[in-house]
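Just below is one structure, and these are the notes that go with it.
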Amino acid sequence: MDYRVLSSLSKSLTPFSLLLLLYICPVASGTTTTKAFNLSTITFEQGYSPLFSDFNIERSPDDTSFRLLLNRFSGSGVISTEYYNYGFFSASIKLPAIYTAGIVVAFYTSNVDTFEKNHDELDIEFLGNVNGQPWRFQTNLYGNGSVSRGREERYRMWFDPSKEFHQYSILWTPKNIIFYVDETPIREVNRHPAMEGDFPSKPMSLYATIWDASSWATNGGKAKVDYKHEPFATELKDLVLEGCIVDPIEQISSTNCTDRIAKLLAKNYSNITPERRKSMKFFRERYMYYSYCYDNLRYPVPPPECVIVQSERDLFKDSGRLRQKMKFGGSHSHRKHRPGRSSRRRNRVAGGGSSSKSGQRASAAAM
C-alpha cells in the first residue's frame, strides 16, 4: 500500500485501526489483494466442474469468475477437475451480505470421494451471523480420517468480507501447511514426525461450496437461515490451482512431482518472511478467539505440531477460548464429472454438508 494513501487514511482512522492497517496490509508498491503473490490465474473451464446444483452456479461471460447461490431449494458447489499431490490453492472471494445466519461458505481441499473412511482435508470455512454481526471463519485440517482429532482455530475478521473481494489461500507441501488471507499468513502447521498419518498426504481436490448449516453454524443452531433474504450469493474470481496433478488411486503423476514440489517449496509463499511473521503474530493475538493448541480440557497434552507461543497462551483459558470477551472493531455493518465421484456425496452436500464436516459441526455448535 502506498504510504501517501496511509497518510490520507490516518486522518479518519483510530490509532488502533491505523496500526492494524500497517501490520496487515501488504506494503510493497503495486501489490493488490487480487494479485497476491503475482499468481497465474485460470478460467472456470480450465480447472473446475460443478459438484452439485448446477442451476445455482452462475459463470461470468469471460469464465474468469463464478457465483455460488443458496436458496430454499439447494446450496451449490464446485470441485476441481483434477487431484493434486500438494499445491497452492487460492481465490478472491466475496461473501453474502446482510442476514447470513446459518450459512456456511467453504473453500477447502479434500479426497473424501476417493478415501471415504480415511480422507484428508484442509478447510477454510466462513460462518454467517445474525444481522449486524460480523462473519467469522475457521481453519481446520484432517489426515487419514482423523476427524475425532480436529485441529480447529477460529477467528474474527478485520474487514467486512461481503463488501469487497479478499484473497484466501491454502498452501500444502510435504513439510508445512499455511493458510493466508490476502498476503497475510494467519496459521502455519509444520509437519511433525509424531503426527504420522494425521498430516494430510494423499492427493486432494479443491472444493468451494455454499450450504445451509442451520443446525449448528450460528449460536449452536439457534439462528437459522432466513430465506426471505434469498438468494444468498458468494462470488469467486482470481482462481489459482497450482500443484502436481495425479491419479488419486494409482497416484501416478502427469508430470514429475519431485520437480513440481521443489518449485512449490521455492515459492515465496512457502516460507514465512520475518515481516509476514510479524503480521501473523499481530493477527493471531487480536483476532483468533479459539485454538485447539490451548484447549487443555480437550487435549491435556497439546498435539505434537502445536507450538506454544506464550504471548498467545496468556490470552486463552484452559478451554482454548479467550479469557476476555473479544472487542471487535472491524468495519462490519450489520470437472467434467469424473468416474468414481459418488452421487451419494453430492446428495449429502446438497442436503446440508458432507459427513466429513461432522467434527466441525460438533465443535462449532458451542460457538
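We're numbering straight along the sequence, starting at 1.
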Query raised in the report: Nearest heavy-atom pair of S205 and I79: which atoms, and what distance?
Result: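 Heavy atoms only, the tightest pair is CB-CG1, 3.9 Å.
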Requested in this report: Could you tell me which non-hydrogen atom of G102 sits nearest to which non-hydrogen atom of T218, and how far apart they are?
Outcome: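 Heavy atoms of G102 and T218 come nearest at N-OG1, 2.9 Å.
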What I'd like to find out is whether the side chain of [X] reaches to under 4.5 Å of the side chain of [Y], using heavy atoms alone.
X    : Y    : result
W135 : T100 : yes
E183 : N268 : no
Y299 : R149 : yes
T114 : H119 : no
L264 : W172 : no
R191 : S201 : yes
F232 : Y227 : yes
F179 : I170 : yes

With no hydrogens and no angle check, just 3.5 Å: does a side-chain donor-acceptor pair link [X] and [Y]?
X    : Y    : value
S60  : S65  : yes
D238 : S92  : yes
Y290 : D295 : yes
Y108 : T209 : no
D120 : N144 : no
N111 : Y84  : no
D182 : H166 : yes

Query - Qualifying residues under salt bridge (Lys or Arg N to Asp or Glu O under 4.0 Å), relative to E285, sequence neighbours excluded - result: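 Expected list: K281.
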Query - Test salt bridge (Lys or Arg N to Asp or Glu O under 4.0 Å) applied to E58 - qualifying residues, sequence neighbours left out - result: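 By the salt bridge (Lys or Arg N to Asp or Glu O under 4.0 Å) rule, E58 matches R67.
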Report task. Establish whether I186 and I308 are linked, either directly or via other cluster members, by ILVMFWY side-chain heavy-atom contacts under 4.5 Å. Result ->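 Yes, same cluster.
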Query - ILVMFWY network linking I103 to L69, side-chain heavy atoms under 4.5 angstrom - result: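 Looking at the clustering, L69 is in a separate group from I103.
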Look at [X] together with [Y] and state whether they make a salt bridge at an N to O cut-off of under 4.0 Å.
X    : Y    : answer
K224 : D212 : no
K94  : E164 : no
E152 : R298 : yes
R277 : E188 : yes

Report yes or no: is the cationic atom of [X] (NZ for Lys, CZ for Arg) closer than 6.0 Å to the six-membered ring centre of [Y], at no more than 45° off its axis?
X    : Y    : result
K237 : F165 : yes
R286 : F282 : yes
R59  : F66  : no
K202 : F115 : yes

Requested in this report: Have a look at I210 and tell me which of L95, L68, N56 forms a side-chain contact (heavy atoms from CB on, under 4.5 Å) with it.
Outcome: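 That would be L68; it is the only one of L95, L68, N56 passing the side-chain contact (heavy atoms from CB on, under 4.5 Å) with I210.
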Query raised in the report: Relative to the ring of F159, is the ring of Y168 parallel (under 30°), tilted (30 to 60°) or perpendicular (over 60°)?
Result: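 Aromatic pair Y168/F159 classed tilted.
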**Report entry** Parallel, tilted or perpendicular, as decided by the 30° and 60° cut-offs, for the rings of F283 and Y155
**Finding:**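 The rings of Y155 and F283 sit tilted, inter-plane angle from 30° to 60°.
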Look only at the side chain of [X] and the backbone of [Y], and say whether a donor-acceptor pair between them is shorter than 3.5 Å.
X    : Y    : value
T139 : D123 : no
T41  : V240 : no
R260 : G243 : yes
D226 : K228 : yes

From [atom1] ([X]) to [atom2] ([Y]), nearest 0.5 Å:
X    : Y    : atom1 : atom2 : value
F126 : Q138 : CZ    : CD    : 11.0 Å
E45  : D63  : CD    : CG    : 6.0 Å
N131 : Q133 : CG    : CD    : 9.0 Å
F37  : S90  : CZ    : OG    : 8.0 Å
T184 : Q167 : OG1   : CD    : 12.0 Å
I178 : T173 : CD1   : OG1   : 7.5 Å

Query raised in the report: Would the Y269 and Y180 ring centres measure less than 6.0 Å apart?
Result: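 When the ring centroids of Y269 and Y180 are compared, they turn out to be at least 6.0 Å apart.
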Query raised in the report: Does the gap between the ring centers of F89 and F107 come in under 6.0 Å?
Result: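 Centroid distance F89-F107: not below 6.0 Å, so no.
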**Report entry** Sequence-distant partners of P304, side chain to side chain contact (heavy atoms under 4.5 Å, CB included), two or more places apart
**Finding:**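 P304 satisfies side chain to side chain contact (heavy atoms under 4.5 Å, CB included) with H192, A194, M195 once adjacent residues are dropped.
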Query raised in the report: Pick one: which of R313, E153, E312, R321 meets side chain to side chain donor-acceptor pair (under 3.5 Å) with Y294?
Result: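 Only match with Y294 under side chain to side chain donor-acceptor pair (under 3.5 Å): E312.
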Query raised in the report: Hey, mind stepping through M204 and L122 against side chain to side chain contact (heavy atoms under 4.5 Å, CB included) and telling me if it holds?
Result: CA-CA 9 Å; M204 292 193 279; L122 296 170; 3.9 Å; yes
